[in-house]
Amino acid sequence: RSPPPPQIEKTILDKTGTFDMAEPSTSALLTGSRHVEGVALITSAALLFGILAAVVKSVALPTLLKMQIRSLLEWLICLAAAAFCRETRRRGGDTGAAMRVYDNSGAEAPPSTFAKCGGGEGGEREAWAKLLFGPRELSGWLVLRAFLYWCFLCCWWLALEAMPLGDATTVVYIAPVFTALFARLFLAERMHASFALVVLIDAAGLLLLTRPSFLPCPPRICAAASDAAATASAPSAATATATAAAATEYAYGAGAALVAAVVAGLLPVCTNKSGGAPWTAVNHVSCVLSAFVFTPLALVGWVVADAGAAGQLADGVAALRSPLQWALLATISAVSSAGLALQTLGYQRVRDVASASLMNILEIPFSYGLQALLFHEPLEPLGLGGVGLIACATVLNLTARVRHSRADAERAQRENLVCV
């Protein structure tokens, strides 16, 4: 279908692609209401993701065991969603183009991703195959995306175990920098002029937050080491050992969070390449491969490489006898699905996706609030400066994207007017 004409007199194009002959003032009011609703949904999703991270950190199980159970639970949710989608289409409902794909910074994927939830052509079996596994020509990209998402989730959860909740969340929020780099490398997208400044601010924020060896020991780590050494026979030696162990664990967590940010930056590029697959197929392929391929192989590798892995897994399985652990695991799956649903519905309603995505920054201070409330880990002044720098860099990056997207839209509109 050819591009629609720009807004002329009282003819207004609504989001479904049909022409709305309502008065401009009424249409603008409705659009503004939908935008506010969308921003509220995106904000709610960001807060839910903060709660999700806190729940993940609270589960007393090995990371790979948590991922295995989470994958199985979300696989069942994916099957239920696909069945609902298929039944809706059978009854004549419209679920096509209902669930759109967005990258981590809120940018909308190309229109080809607005795929139907399993068309009826080719019989029931082909419709279900399309719903659950997508088109055959995109299977490679779906598998790659599933693997990248599994790597992101594994590194992210490892970081949550080894470092405070707010610190891990902040480090992952430098992902848009890597998204811009990968988009330039693989999609030939241009970078905005302030990109170099964003990188420098992010780097300075990481230095202040993670405290390399040439910076003073974070008070939180030193205090924990002192408490561990208080009952030792040689307090000074025990303090030094405990401090080194705590610093090593924190550095391990920071490294895992940084790898998660890099992978999260690559995910939107892969999603762009897999455009055309139904959203049900994207989620289902990720859950199936995680539950039956990636996580089991990782568990086998862990047991072979680490002599203590079998004992940790045995302790984790024993901990599953507690109803609390199952309740937390069920909460992880439910909150994850709800957060993704709210985020998608929110992005469908807003006028400007990139600017609305700025609300995701609220997850950083919210995570630090949960960190202090639930885990009693306060934020030191130097770390607070690092958090502020990374948050500022993220806002600068997103606002630059907003300016460029608006400029591109105005340029395209002028070109359409010239053509007319």
Can you tell me how far [atom2] of [Y] sits from [atom1] of [X], rounded to the nearest 0.5 angstrom?
X	Y	atom1	atom2	value
Leu47	Asn360	CG	CG	9.5 Å
Leu148	Cys270	CG	SG	5.5 Å
Leu329	Leu324	CG	CG	9.5 Å
Thr394	Ile361	OG1	CD1	4.5 Å
Gln68	Phe294	CD	CZ	12.5 Å
Leu73	Ser336	CG	OG	11.0 Å

Does either side chain, that of Thr169 or that of Glu363, offer a donor lying less than 3.5 Å from an acceptor on the other one?
no
Walk me through whether Leu79 and Leu132 qualify under side chain to side chain contact (heavy atoms under 4.5 Å, CB included).
CA-CA 8 Å; Leu79 291 177; Leu132 298 178; 4.2 Å; yes
Heavy-atom distance under 4.5 Å between the side chains of [X] and [Y], does that happen here?
X	Y	result
Leu389	Asp202	no
Val262	Phe152	no
Pro164	Tyr368	no
Leu384	Leu208	no
Val56	Lys66	yes
Leu131	Cys85	yes
Phe84	Thr88	yes
Leu266	Phe178	no

Provide the closest heavy-atom pair for [X] versus [Y] in the form atom of the first, atom of the second, distance.
X	Y	result
Gly339	Ala45	O-CB, 3.5 Å
Ile364	Val387	CG2-CG1, 3.6 Å
Cys287	Cys78	SG-SG, 3.6 Å
Phe195	Ala180	CE1-CB, 3.5 Å
Ala264	Thr179	O-OG1, 4.1 Å
Ala319	Leu61	CB-CD2, 3.8 Å

Evaluate the criterion side chain to side chain contact (heavy atoms under 4.5 Å, CB included) for residue pair Trp157 and Ile332; output intermediate values, then yes/no.
CA-CA 12 Å; Trp157 286 14; Ile332 289 174; 4.1 Å; yes
Mind checking what makes side chain to side chain donor-acceptor pair (under 3.5 Å) contact with Trp141, not counting sequence neighbours?
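Here no residue qualifies.
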Does the [X] side chain pair with the main chain of [Y], one donor and one acceptor, at a distance under 3.5 Å?
X	Y	value
Ser290	Ser286	no
Gln371	Glu377	yes
Tyr149	Val263	no
Glu249	Met163	no
Gln325	Val59	no

Take Leu142 and Leu289 through the side chain to side chain contact (heavy atoms under 4.5 Å, CB included) test and state the conclusion after the steps.
CA-CA 10 Å; Leu142 290 176; Leu289 291 177; over 6 Å; no
Give the C-alpha distance, both sets of side-chain angles, the deciding distance and a yes or no for side-chain hydrogen bond (donor to acceptor under 3.5 Å, both in side chains) between Asp167 and Tyr250.
CA-CA 10 Å; Asp167 292 6; Tyr250 187 92; 2.6 Å; yes
Are Trp128 and Phe133 an aromatic pair, judged by ring center distance below 6.0 Å?
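Not close enough - the centres of the two rings lie 6.0 Å or further apart.
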Chi angles and distances behind the salt bridge (charged side-chain N to carboxylate O under 4.0 Å, His left out) call for Arg70, Glu74
CA-CA 6 Å; Arg70 166 257 166 198; Glu74 291 200 13; 3.1 Å; yes
Could you label the plane-to-plane angle of the Phe147 and Trp150 rings as parallel, tilted or perpendicular, counting under 30° as parallel and over 60° as perpendicular?
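Aromatic pair Phe147/Trp150 classed parallel.
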For the pair Leu158 and Cys154, evaluate side chain to side chain contact (heavy atoms under 4.5 Å, CB included) and give the outcome as yes or no after the intermediate values.
CA-CA 6 Å; Leu158 286 172; Cys154 184; 4.0 Å; yes
